[in-house]
Amino acid sequence: MSFPPLAFHVEPERGWLNDPNGLCYFGGKYHAYYQHNPTATVWTAPLSWGHAVSEDLLHWEPAPIALSPDMPYESTGGCFSGSAYVEEGKIWFYYTAVGEDGVQTQCLATSEDGYHLEKYPGNPILTGGPIDPTGRDFRDPKVFRWSDGSYRMVCGTGYEGRAAVVLYKSQDKLSWEYAGILFETRDMGPVLECPDLYPIEDKWVLCFSRMDQPQRVTFLVGDFDGERFTPESVQHPAVGPNFYAPQSFLDPQGRRLVLGWMTPWGAPEDPDPVRSGCLTVPLEVTLDDAGTLCLFPVEEADSLLRKEDPCLRQGEWLFQITDGKKLLLERPAQEVWDARVLADTHTREVFINGGEQYCSFFLEPDAFQD
């Protein structure tokens with residue numbers, strides 16, 4: 001059975017999609033890159049970077065594959081996840097390469113048009129993680145500029161039950177110095193994947209995804225001084241069940257936008273023989289007056305939001321969300337003062353109370369609704 005193509009989401013024309021990569025605005029267009037295998041509908045290495053572009057954040061046009069594994073340091077896993085940094089008419093792409101024995105290193109590619117990426121001849125720019133001596137769990141670089149003009153990179157890692165987000169510093173975007181551990185834990189699985197660190201108003205958000213609970217993306221809100229992150233609250237606005245590896249970027253309007261990966265966790269990985277996986281609708285990240293982190297669709301999507309949908313059950317006592325068969329979320333009705341649904345052909349994204357809770361999921365095949 002082939003599912004109908006999505007109208008308002010990034011998805012591959014054929015093959016597999018997972019983590020969003022290299023999100024940015026460049027050359028008058030929004031660019032979304034993603035983990036991709038064009039020849040399979042399940043996760044199969046080596047992976048490439050797929051690419052889609054948009055002028056309005058809703059309608060996405062496929063573009064040629066942006067990164068393909070063609071170097072020795074990409075020989076087994078390929079080109080894993082990474083990020084983009086735009087400066088002076090050029091995009092700097094940082095990504096994880098997976099080579100012999102599964103060793104993961106951080107690499108660089110640059111582009112002057114967003115379509116043709118040139119790998120840095122000095123790759124890899126970072127080898128050997130500070131936590132994992134095997135180098136097999138050290139990945140997903142996210143780069144941003146600090147207030148003094150230098151640069152920061154966060155990566156995820158883990159080893160023998162110790163999972164962490166680590167920090168690096170650079171003056172030139174090429175040479176990176178280890179600056180320490182931003183956050184570590186023994187209670188959140190083997191690796192903290194796809195970390196992101198960004199400011200919202202006068203606070204900073206450290207976000208990461210948990211391998212042990214793929215529906216559980218953690219957002220820490222606190223303070224960052226360029227060297228240390230001090231968490232003040234742990235928040236989980238995205239309750240899934242199909243949400244992982246979100247990545248943020250700043251758009252020309254100054255909005256902090258996030259896209260995440262939707263995949264049917266717990267279901268057969270290849271229910272569709274044509275394609276598998278998509279990215280969420282672009283979400284704007286805000287903090288409300290109480291310090292609650294909210295995820296809500298960009299204003300460009302306002303006309304797509306509706307208050308009624310078969311996935312919502314709004315009773316006198318209970319508010320429920322269902323995918324057509326399973327109950328996904330339940331709250332007392334008096335706690336829900338607003339619920340909006342963004343419906344695509346076979347996905348639903350529900351936003352509760354202005355985005356204080358966000359539920360994203362695939363409909364069961366026999367529950368498709370126009």
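Predicted, not measured: the structure shown is a model, and the values here were computed from it.
- The closest donor-acceptor contact from the side chain of S360 to the backbone of N242 lies under 3.5 Å.
- The side-chain heavy atoms of I91 and Y85, taken from C-beta on, include no pair separated by under 4.5 Å.
- Taking 4.5 Å as the limit, some side-chain heavy atom of L283 sits within range of a side-chain heavy atom of V281.
- No side-chain heavy atom of Y34 sits under 4.5 Å from any side-chain heavy atom of D19.
- For the residue pair W49/N21, the side-chain donor-acceptor check at 3.5 Å is satisfied.
- Centroid-to-centroid, the aromatic rings of W146 and W204 come within less than 6.0 Å.
- In summary, the aromatic rings of Y30 and Y25 are positioned with their centroids under 6.0 Å apart.
- Between the side chains of S111 and D113, at least one donor N or O lies within less than 3.5 Å of an accepting N or O.
- Salt bridge annotation for E227-K169: present, with a cationic side-chain nitrogen under 4.0 angstrom from a carboxylate oxygen.
- Side chains of F80 and Q106 form no contact here, defined as non-hydrogen atoms less than 4.5 Å apart.
- Classification of E193 and R139 as a salt-bridged pair holds, one side-chain N sitting under 4.0 Å from a carboxylate O.
- When each of N123, T105, T127 is checked for a side-chain hydrogen bond (donor to acceptor under 3.5 Å, both in side chains) with Y73, only N123 meets the rule.
- Taking the ring centroids of F219 and H236, they lie at or beyond the 6.0 Å cut-off.
- Ring to ring, Y120 and W92 are not that close: their centroids are 6.0 angstrom or more apart.
- Ion pairing between a basic and an acidic side chain is recognised when a charged N comes within 4.0 Å of a carboxylate O; K325 and D323 show no such pairing.
- Classification of R306 and E349 as a salt-bridged pair fails, no side-chain N sitting under 4.0 Å from a carboxylate O.
- Remark: R256 does not engage E201 in a salt bridge, criterion side-chain N to carboxylate O under 4.0 Å.
- Contact check for C194 versus P20: no side-chain heavy atoms found under the 4.5 Å cut-off.
- In the model, D288 has no side-chain atom that pairs as donor or acceptor with a side-chain atom of T286 under 3.5 Å.
- With respect to V341, the side-chain contact (heavy atoms from CB on, under 4.5 Å) criterion is satisfied by exactly one of I321, L305, L304, L312: L312.
- Ion pairing between a basic and an acidic side chain is recognised when a charged N comes within 4.0 Å of a carboxylate O; K142 and D140 show no such pairing.
- Between R331 and E356 there is a salt bridge, since at least one side-chain N of the basic residue sits less than 4.0 Å from a carboxylate O of the acidic one.
- Counting only N and O atoms by type, the side chains of R228 and T230 include no donor and acceptor under 3.5 Å apart.
- Between E61 and K29 there is no salt bridge, since no side-chain nitrogen of the basic residue lies less than 4.0 Å from a carboxylate oxygen of the acidic one.
- A ring-centre distance under 6.0 Å is not found for F249 and Y198.
- Residues V205 and L293 are in side-chain contact: their nearest non-hydrogen atoms beyond the backbone lie under 4.5 Å apart.
- The distance between the ring centers of Y168 and Y151 does not fall below 6.0 angstrom.
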All N/O donor-acceptor pairs, side-chain side in residues 176-185, below 3.5 Å, sequence neighbours left out:
from, atom 1, to, atom 2, distance (Å)
W176, NE1, K173, O, 3.3
E184, OE1, R162, NE, 2.6
E184, OE1, R162, NH2, 3.0
T185, OG1, D187, N, 2.9

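- The number of heavy-atom neighbours closer than 6.0 Å to CD of Q213, taken from other residues, nucleotides and ligands shown, is above 12.
- Residue pairs that meet the ring pair (Phe, Tyr, Trp, His ring centres under 6.0 Å) test with at least one member in residues 303-327, sequence neighbours left out, do not exist here.
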